[in-house]
Structure formats: C-alpha cells, structure tokens
Amino acid sequence: MTEEEKLLLEEIEQLKKENNALVVAHYYQAGEVQEAADVVGDSYALAKACQASTKKVIVFCGVHFMAESAKILSPNKIVLMPNPNAGCPMADMVTPEMVKDLRKKHPEATVVCYINTSAAVKAECDVCVTSSNAEKIINKLEAKEILFLPDMNLGANIAAKMPNKKFILFEGYCVVHHQVTTGDVESKRIQFPNSKLLVHPECPPEVVELADYAGSTKGLLDFVIDSDAQEFIIGTEKGVVYNMQKACPDKKFHMLSNCLLCVNMKKTNLTMVRDSLRDFQYEIEVDEVTRLRAEGCLKRMMELAE
Ligand code: 13P
Ligand code: SF4
C-alpha cells in the first residue's frame, strides 16, 4: 500500500464516523478499495448487509445493479456510488420490454431474474436469485417451467441439476466469465497438475463440468479456506484472489485465464470513495413505483433463501 493510499484510508475512516456511513465492497473490487470497506462480500451478502445496517449512508463499491438493489431494500438510506459509470454489461442486455414479451410467450413460466439486472427489470420478474442461492430458491418454486434471465450460463448450470424442471434461458452472458474455454482448463491443468479448479457458475457449462467446485465468489473463498489443497486455479474475476491470499497466505493461486478482469469493477478507486463520503455523491435513486415492485422480487429471494 502506498503512502497516498494510507492517507486516503485514514481520511475515509474519519468521514465514515462524521457521516454515520457504511462502506461496502464486492470481492472483485481493487484490494485497496476492499481495505476501505466495513463489509466485503458477494452480491447476496452485500444486499443483506446494507439492509441490516443501522447507518444512514451507504457507499457501495461495486457495480450499478448492486447499489440499486441496496437502495430498493433500504429506501430510507442514502445509497451512494463513488463512480456511477460502473455498470454491468450483462445486466444491460435485458430490458423490461423484453421480459414483458417473454412472459406473453411463456405464460405458464415463473420468471426468475439474476440479481445482475436493473430495478426496472426486477420489477417485471417474480423472484430474484444470486449465484449463492439460485439452486435453493428455484428448487423451492412449485413451477415446472422457469424463465431464467439474463445469464444463460448460470441458467444452464442450474438447469443441469434440475432435470424435473423445464428452463427457458434468455441469451445473455457475463462478458468476463463467458470468455473462458475448455482449452484454458486443459492447459492450466497441465501447467498446475496439483491444483483444484474453482469456477463461478457464470462460466460456460462445459467449463463448469470440468471444475472441482463451482460457486459464488463467497463459495469459492470458503472452499479455499476449508480445503486441504495448497494450489488452486481460479475461474472467476481476479479481485477475489486478494481475499483468498489474505485468508490463506501460504496457498498458491493461478488464474484460469488472463481475460478474467471486470473493467467495471475496477472503475472505483480510493479517491472516489473519499470524494463520495465527503460530497455525498453519486446518489442512487429509484422511482417509487418501480422500487416497490422490484422490492417484492428481492424480498421473495430473501424469504426463500433462508
Ligand atoms: P456474486 O453473486 O458471486 O457476487 O457475483 C456477482 C457477479 O457480478 C459475478 O460476476
Ligand atoms: Fe457483470 Fe461480469 Fe462484471 Fe460480474 S464480472 S459485474 S457479471 S460484467
């Protein structure tokens, strides 16, 4: 950590106290941004932490749909994003109009959306899921037909475990995880033969099939901590390695592919976090009609996930 970063962290701590603020960061954030956070987690853990917090102000270091989900669940809190240009290209692949059209085509289906969607899309869906709870929640649904959006890879990976349900998959994907191939797996397995392969379920099904474990970012971190293995090939965004290395300094981590970098997750830096706390910028707003409908979708997730 540089001297400048240390000074910024001190300033951030002071501003948090003055403004009764909570700073949260996703595991994919840059290491120094994670150091500024009171809570570091996956998308589900952060949604819950923001909802449970008694602080009046939340500074969300992640991408837009995550901060928006925090606002939906905590309408009376001020939710800020240090860099409002940090979006998720996968979330942008689906619009509310597309969901309405799909509903007309599949009237019997229960519409399940990944949390990587806008508030306006969540408002059109029946229940939300994250990669850490999708299987549990969909298993609990009575519906035999599931319309899953927008991630076709996560959808296909869940569908493979539920042959009793029919899945209709929207053809969206994560621009980062979708790039990994079975060729990457073959070459890394040769290069690092004693490693366990851990992947995020946003990776294509043919890659997930070859993994020793697939799970949410938190799931992957827990696996590393609990495992007797000493080396791991990581098939998710490289930011998560910061926490893995911190939790297990003696273990070795190799990236499955050089493409595993989410530029949007790296658009937030410490100066922006400081400015956000100091100047109360940039506030996330969701119109109340959309918020209430999207809240129903997220709250159903919270209920079914417990
Ligand atoms: P998690 O739900 O594992 O935090 O993943 C969110 C995400 O955007 C993965 O690319
Ligand atoms: Fe979106 Fe993929 Fe980045 Fe996650 S890693 S925020 S799904 S683009």
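Here the structure is a predicted model, which means the values were calculated and not measured. Order of appearance sets the numbers: ligands from 1, and atoms from 1 within every ligand.
A donor-acceptor pair is defined here as one N or O able to donate and one able to accept, closer than 3.5 Å; such a pair exists between the side chain of Ser187 and the backbone of Asp184. Although no hydrogens or angles enter the test, the distance criterion places no donor-acceptor pair under 3.5 Å between the side chain of Lys122 and the main chain of Ile72.
Met162 and Phe148 fall within a single hydrophobic cluster, where Ile, Leu, Val, Met, Phe, Trp and Tyr are joined by side-chain heavy atoms under 4.5 Å apart, directly or via other members. Note on Val207 and Leu261: separate hydrophobic clusters, where clusters join Ile, Leu, Val, Met, Phe, Trp and Tyr whose side-chain heavy atoms are under 4.5 Å apart, directly or indirectly.
Residues Glu124 and Arg293 are paired through a salt bridge, judged by an N-O separation under 4.0 Å between the basic side chain and the carboxylate. For the pair Glu3 and Lys6, the salt-bridge criterion is met [side-chain N within less than 4.0 Å of a carboxylate O]. Lys71 and Glu68 are not joined by a salt bridge, as no carboxylate oxygen comes within less than 4.0 angstrom of a charged side-chain nitrogen.
Under the 4.0 angstrom criterion for non-hydrogen atoms, Asn116 is in contact with ligand 2. In this structure, Met90 has a heavy atom closer than 4.0 Å to ligand 2. Proximity of Cys174 to ligand 1 is not established, as no heavy-atom distance is less than 4.0 Å. Contact between His177 and ligand 1 is present, with at least one heavy atom of the residue lying under 4.0 Å from the ligand. The closest approach between a heavy atom of Tyr44 and any atom of ligand 1 is not below 4.0 Å.
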Self-check item: Verdict with supporting geometry, Asn139 and Lys136, side chain to side chain donor-acceptor pair (under 3.5 Å)
Solution: CA-CA 5 Å; Asn139 251 325; Lys136 184 174 183 181; over 6 Å; no

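At the top of the distance list for atom 3 (Fe) of ligand 2, counting protein heavy atoms only, stands Cys262 SG, 2.4 Å. Nearest non-hydrogen protein atom to atom 8 (S) of ligand 2 is Pro89 CD, 3.6 Å. With hydrogens left out, the protein atom closest to atom 8 (O) of ligand 1 is Asn116 ND2, 3.2 Å, a heavy atom. In terms of protein heavy-atom proximity, atom 5 (O) of ligand 1 is nearest to His200 NE2, 3.4 Å. Atom 9 (C) of ligand 1 has its closest protein heavy atom at Glu202 OE2, 3.1 Å. Protein heavy atom at the shortest distance from atom 2 (O) of ligand 1 is Ser43 OG, 2.6 Å. Ranking the protein heavy atoms by distance from atom 2 (Fe) of ligand 2 puts Cys174 SG, 2.3 Å first.
Summarising the geometry of Ala49 relative to Val39, their closest heavy-atom pair is CB-CG1, 4.0 Å, with the distance given to 0.1 Å.
Considering Val176, Thr217, Leu260 only, the shortest heavy-atom separation from atom 1 (P) of ligand 1 involves Thr217.
With rounding to the nearest 0.5 Å, the separation of SG in Cys61 from CG in Leu80 is 10.0 Å. To the nearest 0.5 Å, the span separating SG on Cys50 from NZ on Lys55 amounts to 12.5 Å.
For ligand 1, the atoms sitting less than 4.0 Å from at least one non-hydrogen atom of Ser131 are 1 (P), 2 (O), 3 (O), numbered in the order shown with element in parentheses. For ligand 2, the atoms sitting less than 4.0 Å from at least one non-hydrogen atom of Cys88 are 1 (Fe), 6 (S), 7 (S), numbered in the order shown with element in parentheses. Atoms of ligand 1 lying under 4.0 Å from any heavy atom of Ser216, numbered from 1 in the order shown and given with element: 3 (O). Which parts of ligand 2 touch Glu202 is read off a 4.0 Å heavy-atom cut-off, strictly below it: atoms 2 (Fe), 7 (S).
Under 4.0 Å from ligand 2, not a single heavy atom of Glu237 appears. Contacts between His26 and ligand 1 below 4.0 angstrom, taking non-hydrogen atoms only, involve the side chain exclusively. Residue-level proximity to ligand 1 for Tyr27 is absent, since no heavy atom of it falls below 4.0 angstrom. At a heavy-atom cutoff of 4.0 Å, ligand 1 is contacted by no atom of Lys218, backbone or side chain.
Here salt bridge (charged side-chain N to carboxylate O under 4.0 Å, His left out) pairs that include residues 198-225, with residues two or more places apart or in two chains, are Arg189-Asp212, Lys218-Asp222.
Put simply, the residue from Glu32, Gln29, Gln34, Glu35 that forms a side chain to side chain donor-acceptor pair (under 3.5 Å) with Tyr242 is Glu35.
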